[in-house]
Engineer: 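Below you'll find the structure I mean.
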2 protein chains.
Amino acid sequence: MPRGPHWFHRRIRGYGCRLTLPRQRILEVLSRSSKHLSAEEIYHRVHQVYPAIGLTTVYRTLEMLVSGAMVMRFDFGDGRTRYELIKDQGALTSHHHLICRVCLKIIDCEEFTGDERDYLKSIEKKLSKKYKFEIREHQTRFYGVCDKCKKEVTDYAKR
Amino acid sequence: MPRGPHWFHRRIRGYGCRLTLPRQRILEVLSRSSKHLSAEEIYHRVHQVYPAIGLTTVYRTLEMLVSGAMVMRFDFGDGRTRYELIKDQGALTSHHHLICRVCLKIIDCEEFTGDERDYLKSIEKKLSKKYKFEIREHQTRFYGVCDKCKKEVTDYAKR
DNA sequence: TTGGTAATGAAAACCATTTTCAATAAGGAG
DNA sequence: CTCCTTATTGAAAATGGTTTTCATTACCAA
Ligand SMILES: [Mn+2]
Ligand SMILES: [Mn+2]
Ligand SMILES: [Zn+2]
Ligand SMILES: [Zn+2]
């Protein structure tokens, strides 16, 4: 079930926060843009339609959205934190990425089948018991080389 | 097959680097200490036995060990990069963690059975084909609440 | 409409990491 | 072993993403 702006507006109010103009603009950018944006990328995009925005507000709004479980925060090792709006509740508990070691491109990988999810659930159950650890969600990162970078390496070898 | 200091000394030389005193001390700390140390934690431990060490050298040595695939680098979101010596080659291609959302404790989870590894391998194969992405390794992070923090929440509720 | 206060933006501070640069020491050639 | 080249080192300064400070603004409950 995909969720539009309204839903997030209600979530913010329900979280005890004011629904301000900067927050609405930030949510719009998050819901329309590609995933895994950095704070500065969000700042620049909001700035196009709302020049008064401050980078500080972007950071503060993201912090609020993360604590309110409306946004996920990632660190893929390129020196900046990245953010993704949670449009689908399932993405919260089970979220996976392919990460290219060469160009650092991130591919969202939402194609886990029911079987695969069940399997991870069973591993979770086992680990929960073994470590007395209450597991709420999991993420897998698959590191490697993307299609484009593979080709470039091949081209380089031919010269 | 666990690997002692000698092995890493040879790896460093084979990687075309000089085997210096600071590097040896850093390797000793990494192989003896608990896992997932930050650069500053490593610096302090080395400083005990080798006071001349500089924090800069710690960063540079870790960088070298990471590019030489002798150390793994992680970012668990606490504002500092963390490092772990690769003692066992298997840990490189398949490495998993339990991460407490409350106290940020990291538990290494090395108990994946052959079945579980085979299963992830089959998922990898599928994803490789679908995204034309050459997968070299994977890591899973299980987020939740650790035993200790669960107890503290319970105690808090009783008051 | 209004008052209390949460939220904002600019500037400064913070702090992990990187860069600079002169001094040092690893290790191959002889 | 000694010498010489140059990779490596450590202190200090710079960098850059993020956070804090503080005076001003604007939500929104009453
Ligand atoms: Mn994602
Ligand atoms: Mn680990
Ligand atoms: Zn790539
Ligand atoms: Zn905990």
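Throughout, protein chains are lettered first and strands after them, A, B, ... in sequence-line order, and every chain is numbered starting at 1. We use all heavy atoms of the structure for the numbers below, so side chains are in, but hydrogens, waters and symmetry mates are not.
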Engineer: OP1, OP2 of C:dA7 versus side-chain N and O of A:Thr61: anything below 4.0 Å?
Structural biologist: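 No, because none of the side-chain N or O atoms of A:Thr61 sits under 4.0 Å from OP1 or OP2 of C:dA7.
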Engineer: Compute whether any side-chain donor of one residue and acceptor of the other, for B:Thr93 and B:His138, lie under 3.5 angstrom apart.
Structural biologist: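 Per modelled atom types, B:Thr93 and B:His138 side chains form no pair under 3.5 Å.
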Engineer: For the pair made of CD1 in B:Ile42 and C1' in C:dT17, what is the distance, rounded to whole Å?
Structural biologist: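 That distance rounds to 14 Å.
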Engineer: Assign the ring pair A:His96 / A:Phe142 to parallel, tilted or perpendicular, where the plane angle (0 to 90°) is split at 30° and 60°.
Structural biologist: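 Ring orientation of A:His96 relative to A:Phe142: tilted.
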Engineer: Ignoring hydrogens and angles, tell me if any N or O in the side chain of B:Arg23 forms a donor-acceptor pair with the backbone of B:Arg18 under 3.5 Å.
Structural biologist: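 Here the side-chain-to-backbone pair exists.
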Engineer: Base, sugar-phosphate, or nothing: which does A:Thr81 touch, judged by heavy atoms less than 4.0 Å apart?
Structural biologist: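 Sugar-phosphate only.
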Engineer: By the 4.0 Å heavy-atom rule, please label A:Tyr50 as base, sugar-phosphate, or nothing.
Structural biologist: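 The answer is sugar-phosphate, as A:Tyr50 gets under 4.0 Å only of primed atoms, P, OP1 or OP2.
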Engineer: Measure the OH-CG distance between A:Tyr119 and B:Leu120 for me, rounded to the nearest 0.5 Å.
Structural biologist: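 Answer for the OH-CG pair, A:Tyr119 versus B:Leu120, is 7.5 Å.
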Engineer: A side-chain contact here means heavy atoms from C-beta on lying under 4.5 Å apart; do A:Cys146 and B:Tyr131 qualify?
Structural biologist: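 The answer is no, as the side chains (C-beta and beyond) never meet within the 4.5 Å cut-off.
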Engineer: Identify all side-chain donor-acceptor contacts of residues 42-60 of chain B below 3.5 Å with residues at least two apart in sequence or on another chain.
Structural biologist:
residue: B:His44; atom: ND1; partner: B:Glu40; partner atom: O; Å: 3.2
residue: B:Arg45; atom: NH1; partner: B:Ser33; partner atom: OG; Å: 3.2
residue: B:His47; atom: NE2; partner: B:Pro51; partner atom: O; Å: 3.4

Engineer: Rounded to the nearest angstrom, tell me the gap between atom OH in B:Tyr83 and atom C1' in C:dA16.
Structural biologist: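 Checked: the OH to C1' distance equals 10 Å.
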Engineer: In whole Å, I'd like the distance from the CG atom of A:Leu62 to the C1' atom of C:dT8.
Structural biologist: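 Taking atom C1' of C:dT8 as the reference, CG of A:Leu62 is at 15 Å.
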Engineer: Using whole Å, report how far CD1 of A:Ile26 lies from C1' of C:dA7.
Structural biologist: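 The distance from CD1 of A:Ile26 to C1' of C:dA7 comes to 11 Å, rounded to the nearest Å.
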Engineer: Over how many whole Å does the gap from B:Leu55 atom CG to C:dT19 atom C1' extend?
Structural biologist: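 Taking CG of B:Leu55 and C1' of C:dT19, I get 14 Å after rounding.
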Engineer: Can you tell me how the ring of A:His97 sits relative to the ring of A:His95, calling it parallel under 30°, perpendicular over 60° and tilted otherwise?
Structural biologist: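 Tilted: the ring planes of A:His97 and A:His95 meet at 30° to 60°.
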Engineer: Rounding to an integer number of Å, can you tell me how far A:Gln24 CD sits from C:dA7 C1'?
Structural biologist: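 That distance rounds to 14 Å.
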Engineer: With heavy atoms of chain B within less than 4.0 Å as the criterion, where does contact along DNA chain D begin and end?
Structural biologist: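 First and last nucleotides in contact are D:dT6 to D:dA12.
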Engineer: Which letters describe nucleotides 21-26 of chain C, given B = protein heavy atom under 4.0 Å from base, S = only from sugar-phosphate, - = neither?
Structural biologist: ----BB
Engineer: Before accepting this row, confirm whether a basic side-chain N of the pair A:Arg25/A:Glu28 lies closer than 4.0 Å to the acidic partner's carboxylate O.
Structural biologist: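 Salt bridge present between A:Arg25 and A:Glu28.
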Engineer: Whole-Å distance between C:dC15 C1' and B:Tyr43 OH?
Structural biologist: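 B:Tyr43 atom OH is separated from C:dC15 atom C1' by 16 Å.
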Engineer: Under a 4.5 Å cut-off applied to non-hydrogen side-chain atoms, are A:Leu30 and A:Leu62 in contact?
Structural biologist: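 A side-chain contact under 4.5 Å exists here.
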